[in-house]
J.: 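Mind looking over this structure? Questions follow.
Here the structure is a predicted model, which means the values were calculated and not measured. What's counted below: heavy atoms across the whole structure, side chains too, no hydrogens, waters or symmetry copies. Proteins come first, then strands; the chains are lettered A, B, ... in the order of their sequence lines, and each starts at number 1.
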There are 2 protein chains.
Amino acid sequence: MKEILPKFDSTFSIDCVVFGFDEGELKILLIERNEEPFKDWWALPGNIVGEVESLDQSASRILNELTGLSNIYMEQYYTFGDVNRHPQGRVVSIAYYALLRLGGDKAVKPISTYAKQAHWINVKDLPRLAFDHQQIFDKGLEKIKRRIKHQPIAFELLPEKFTLTQLQNVYEIILNKKLDKRNFRKKMLSFGVLRDLQEKQQGVSFRAATLYKFDKRKYAKLFEKEISF
Amino acid sequence: MKEILPKFDSTFSIDCVVFGFDEGELKILLIERNEEPFKDWWALPGNIVGEVESLDQSASRILNELTGLSNIYMEQYYTFGDVNRHPQGRVVSIAYYALLRLGGDKAVKPISTYAKQAHWINVKDLPRLAFDHQQIFDKGLEKIKRRIKHQPIAFELLPEKFTLTQLQNVYEIILNKKLDKRNFRKKMLSFGVLRDLQEKQQGVSFRAATLYKFDKRKYAKLFEKEISF
DNA sequence: GCAACATATGTACATTTAGCCTCTAATTTA
DNA sequence: TAAATTAGAGGCTAAATGTACATATGTTGC
């Protein structure tokens, strides 16, 4: 009867698909690797999990090191564990997606040395990716497409104050289909979780739109009903 | 610039929440542990990932060793990686749920020595579980509750030939709410993926019900439309 | 002042969902 | 053997939601 865990040489890492929404485009954050294997290749941000970190803590640290940001909305969505997915040994990767509101200065200056540079790339213009990162991306995109229909994750991609047109753009880009403005607005307002701020956009040409906020508290009360967005 | 992965002592395992549907009850398969830690405790089936196995292969092997069955429907749903979740060291557990059709001989005779015995337990009557297995179970149940609304996983819990009453029972048990027989039947038949076998149940009291089969091929054609069950 | 642009909204109809009871067919019981 | 019991099977209606569509309003720019 064994009381010591049988082990083989292995480790586990985090890989993140970081989505940002910027000027009507859905983008992800890619890094240019500064280390072997796949040196100079584009890859998803990621790193080995810390010895005394939980998975969530590692994921947060990894993104913080890369973007300087904290309190990023992220969810674990799949674990990739094929035997030969990493050239240097058995590495199991727990994949997260993160959703970021882009605005202001979008330049990302990586703090870590493992990334030479980082860029926001339109999801429709992805280069060839290192490792199995294309698969990791594909599954992450599929997951947010599915989840956006049933949970209010779109708001994580928008500033705290947003317009209904911006919200609709997020849905259209992610669902990859045109939505009717009248029906979209009617439906979103019917949920009763958008607060009309009685403010207008500033500094835009032509008619300024009304600004709204997503009322998380109101939504939480309705949570068990799992309404469909 | 390191070219060798930094590692610490760790391993990864698989834990399975195996759901079975039996006589109007949703049950899970629990094992009584035969090894420390938590010897003699009830726990979810699980084991260490094999050195040359993918995660899916490990999960299938683990269930096959326990039940003798193969081709079990299973899905990975979450990875648990808290630092101290295992008393003997850092163990990351990739959790799967499996859905089994129970019938005939339901006795489970574990082949592996790490399980003293295995039993099907009603999900409403669970004993105290080893490790963080209560959390693993809770999240698995939540996941199948959510998924059953949008994907035809209920059929994995039924025999190949089933009645609409049996199907309704599955939905009622998992969603934990009473459904109207007339509306349920109308809706399920309206999807056009249930094939009326023109056969009746045998060996039942009173009026025998019509038997149906789930037409996976027809469903696959509709897949991208993601209809709601 | 008018054209252009963007926001904002209302109406009609179709589809789905919710709520409900009675008929039919079979077995069991008196 | 007929009546009672049980389970399957189905139709109708109102409410809610979804779909399709065009015009009014408010602002800037020329």
J.: What is the distance, to the nearest angstrom, from the NZ atom on A/Lys177 to the C1' atom on D/dG18?
T.: 11 Å
J.: Restricting to side chain to side chain contact (heavy atoms under 4.5 Å, CB included), what partner residues turn up for A/Ile173, sequence neighbours left out?
T.: A/Phe21, A/Leu26
J.: With a 4.0 Å cut-off on N to O distance, would you call B/Asp40 and B/Lys116 a salt bridge?
T.: yes
J.: Test of understanding: with salt bridge (charged side-chain N to carboxylate O under 4.0 Å, His left out), list the residues that count as partners of A/Lys178, not counting sequence neighbours.
T.: A/Glu172
J.: Take nucleotides 2-10 of chain D nucleotide by nucleotide from the 5' end and write B, S or -, depending on whether a protein heavy atom sits under 4.0 Å from the base, only from the sugar-phosphate, or from neither.
T.: ---BBBBBB
J.: Is a side-chain donor or acceptor of B/Gln76 paired with a backbone partner of B/Ile94 at a separation under 3.5 angstrom?
T.: no
J.: Return each pair, listed once, that meets salt bridge (charged side-chain N to carboxylate O under 4.0 Å, His left out) where at least one residue sits in residues 129-139 of chain A; pairs must be two or more places apart or across chains.
T.: A/Arg85-A/Asp132
J.: Not counting sequence neighbours, which residues clear ring pair (Phe, Tyr, Trp, His ring centres under 6.0 Å) with A/Phe184? List them please.
T.: A/Tyr171
J.: Please give, in whole Å, the distance from C/dT7 C1' to A/Asp196 CG?
T.: 13 Å
J.: So, using salt bridge (charged side-chain N to carboxylate O under 4.0 Å, His left out) as the criterion, who are the partners of A/Asp180 when residues are at least two apart?
T.: A/Arg182
J.: List in chain and number order the residues that pass side chain to side chain contact (heavy atoms under 4.5 Å, CB included) with B/Ala95, two or more places apart in sequence or in another chain; answer none if no residue qualifies.
T.: B/Tyr77, B/Phe80, B/Ile136
J.: Show me the pairs that pass salt bridge (charged side-chain N to carboxylate O under 4.0 Å, His left out) and involve residues 201-215 of chain A, at least two apart or across chains.
T.: A/Glu160-A/Lys213
J.: Figure out the CG/P separation between A/Leu194 and C/dA8, and round it to whole Å.
T.: 13 Å
J.: I'd like a table of atom pairs between the protein and nucleotides 12-16 of chain C - only N or O on both sides, under 3.5 Å - with the distance next to each one.
T.:
none

J.: Can you tell me how far P of D/dG11 sits from CG of B/Asp180, to the nearest Å?
T.: 14 Å
J.: Could you state the NZ-P distance from B/Lys187 to D/dG11, rounded to the nearest angstrom?
T.: 19 Å
J.: Would you mind reading off the distance between B/Asn183 atom CG and D/dA14 atom C1', rounded to a whole angstrom?
T.: 12 Å
J.: Measure CG/B/Leu175 against P/C/dT17 and give the value in whole Å, please.
T.: 14 Å
J.: Grab the CE-P distance between B/Met188 and C/dT17 for me, whole Å please.
T.: 10 Å
